[in-house]
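Before we start, here is the structure in question, set down as structure tokens.
Letters A, B, ... are given to chains in the order of the sequence lines, protein chains preceding strands, and every chain is numbered from 1.
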Number of protein chains: 2
Amino acid sequence: MIFKNLSIDCVIFGFRDNKLNVLLWQPEPEIVKKLLILNDVYLEFKEIYENNPALKSDKHWGLIGMHLPVEEDLNDYTKKILEMATGLQNIYLKQFQTFGGINRIPHTRVLTVAYYALINPEYHDLKLSPVAKAVKWFDIDNLPDVAYDAKDIISHALKTLREEAKYHPVGFHLLPDKFTLNELQTLYEVILGKTLDTRNFRKKILNMNLLMDTGEKQKHVAHRAAKLFSFDMEMYNKLREEGLNFSI
Amino acid sequence: MIFKNLSIDCVIFGFRDNKLNVLLWQPEPEIVKKLLILNDVYLEFKEIYENNPALKSDKHWGLIGMHLPVEEDLNDYTKKILEMATGLQNIYLKQFQTFGGINRIPHTRVLTVAYYALINPEYHDLKLSPVAKAVKWFDIDNLPDVAYDAKDIISHALKTLREEAKYHPVGFHLLPDKFTLNELQTLYEVILGKTLDTRNFRKKILNMNLLMDTGEKQKHVAHRAAKLFSFDMEMYNKLREEGLNFSI
DNA sequence: CCAAAAGTGTTAGACCTACACCCATGA
DNA sequence: TCATGGGTGTAGGTCTAACACTTTTGG
């Protein structure tokens, strides 16, 4: 049994080509069917699906999400949805808002608990996901037509992420294990929406003792190769707890 | 019609006797009945009520909240609940988390959208509320027995409030319109859980240009009378947007 | 050797911290 | 006049902001 009036949506952020992207899906009938069978909720879901023509449109994309089964824990089930959609485990995930407007979805009343997730698209293996064919990254400044109030949800997620990134070192989840200082700087410029001074940025970051020099360097680049850093989990967890001021 | 598996809970914070307090209620049958009739949802609510013996206990207190009527907007309805419970309008209110654990409430599955509110107890008129007799302030470090997972919800609310207070000037909602710098300092000491240096606190606060000297002073106090300040709404809104570092 | 990005240091000003005494008031 | 809390200044250290050139690499 699922809650017909309660769904979960995930705004999955990734950092690609120096831009923030969001992972959206387009529910194709075959894929939806597969998903539903996997979850033993076919009939109920089918009803919801049939009653929502927008879900079948091939012009509209949607946030990755589902209705919550009655017997599932809210947070745990969201993790399952994410694993299914990305093939990744241990994703950074944050519940940020529950949307409960009256007319957000026509002809029915559904509340949506919204989460955002931060992943590194490099590690995201579309082939591992049963919904692979319908999943695609979109530049956050260039979203397609999107179902219902997904745009609101995305912009709210972005606002919350920006706020969080000011004071907590969350941005790292969007990078590969090894990254250059310039990649990190660009990421923060994109998240915070302003340009940063390179020298000051480096000083500040390195002073936090958050980064470890891996000893490796970039390879095959047509310019001086940059050092690769990874981040120190222990310090990361400490700074996450304490908070920090990143509003450079 | 109400959502039987979706409720709203409000953690209402007030600042009394130099301590953070929470407003809790004890649903007495008469009062519950009144509430239910007011909301035209008597029968459904009665069923929920009858099936939850904990709600009738006179040992347990609960957060102020109700199930959401299907035709009501989530945020708007929460405001209504608050107005009903406190007699106040325009309360500072923040949705901070939706609780969706499987066994949070025995024998039934209810998800709860939780909010916290900040009010100044001075202005809170119990007589204006239809649930007046059952409502009481409790010191946050000295809570009574509480229904279900209310303790979790309260401690989560407190954590979120602390986090918010570090970077946004929200504490002011807990004070009367006119207050002394020492009241403000004590409030921040309580919220942040540490003592602050008086001289440094004053310098920092006054430098923000957030406070206006009302020209008035305390009266009838057995010591030098302190200046009364109010705060500048314009600057307040600016600082709320921008964020600030209050982690003194 | 050229293009492209990596990497680096200094200075002036702002802000933070630590710290101790006199002042105004009512009882 | 005393008890109580209100109110103030300074100095040293740390952090921030602004700013331009040299280094390394592959093509």
- Rounded to whole angstroms, how far apart are CG on A/Leu184 and P on C/dG7?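 It works out to 13 Å between those atoms.
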- Query: If you find the nucleotide of DNA chain C closest to B/Ala225 and the one closest to A/Ala226, which residue's nucleotide is nearer the 5' end?
  - Reply: A/Ala226
- Query: Nearest to the side chain of B/Asp197, which nucleotide is it out of D/dT4, D/dT23, C/dA18?
  - Reply: C/dA18
- Message: Nearest to the side chain of B/Arg199, heavy atoms from C-beta on, is which of C/dA5, D/dT8, D/dA20?
- Response: D/dT8
- A/Glu164 and A/Arg240: salt bridge (Lys or Arg N to Asp or Glu O under 4.0 Å), yes or no, with the steps? CA-CA 10 Å; A/Glu164 197 187 2; A/Arg240 261 197 74 68; 3.8 Å; yes
- Message: Nearest whole Å is fine: how far is D/dT24 P from A/Lys227 NZ?
- Response: 12 Å
- What is the minimum heavy-atom distance between A/Gln95 and A/Asn75, and which atoms define it?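 Of all heavy-atom pairs spanning A/Gln95 and A/Asn75, the closest is OE1-OD1, 3.8 Å.
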- For B/Leu244 and C/dC16, give me the distance from atom CG to atom P, rounded to whole Å.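 B/Leu244 atom CG is separated from C/dC16 atom P by 11 Å.
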- Message: With a 6.0 Å cut-off (strictly less than), is the heavy-atom count around CD of A/Glu242, excluding the residue itself, greater than 12?
- Response: yes
- Note on the structure: Heavy-atom nearest nucleotide on DNA chain D taken for A/Ala222 and for A/Thr198; more 5' hit belongs to A/Thr198
- Given atom CD of B/Glu183 and atom P of D/dG5, what is their separation to the nearest angstrom? 13 Å
- Query: Heavy atoms, side chains only, cut-off 4.5 Å: are A/Met208 and A/Lys204 in contact?
  - Reply: yes
- Message: Given 3.5 Å as the limit, does a donor-acceptor pair link the side chain of A/Trp25 with the main chain of A/Leu63, or not?
- Response: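 Yes.
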- Message: It should be established whether B/Arg202 places a side-chain nitrogen or oxygen under 4.0 Å from OP1 or OP2 of nucleotide D/dG7.
- Response: yes
- Query: Taking CG from A/Asn200 and P from C/dG7, how many angstroms apart are they, rounded to a whole number?
  - Reply: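 Those two atoms, CG and P, are 16 Å apart.
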- Task: Considering just the side-chain nitrogens and oxygens of B/Asn182, establish if one lies under 4.0 Å of OP1 or OP2 belonging to D/dG6.
- Result: yes
- Message: Nearest whole Å is fine: how far is C/dG7 C1' from A/Leu228 CG?
- Response: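 So the CG-C1' distance, A/Leu228 to C/dG7, works out to 15 Å.
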- Task: Would you mind telling me which residue lines up with the more 5' stretch of DNA chain D, A/Lys217 or A/Asn207, judged by nearest nucleotide?
- Result: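 So the residue in question is A/Asn207.
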- For the pair made of CZ in B/Phe201 and P in D/dG7, what is the distance, rounded to whole Å? 13 Å
- Between C/dC23, C/dA5, C/dG9, which nucleotide has the shortest distance from any of its atoms to the side chain of B/Arg224?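 Comparing C/dC23, C/dA5, C/dG9 against the side chain of B/Arg224, the answer is C/dC23.
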- Does D/dT16 have OP1 or OP2 sitting under 4.0 Å from an N or O in the side chain of A/Lys204? yes
- Task: Using a 4.0 Å heavy-atom cut-off across all strands, classify B/Lys203 as base, sugar-phosphate, or nothing.
- Result: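 Contact class for B/Lys203: base.
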- Message: What is the distance, to the nearest angstrom, from the CG atom on A/Leu206 to the P atom on D/dC15?
- Response: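 In whole Å, D/dC15 P lies 14 Å from A/Leu206 CG.
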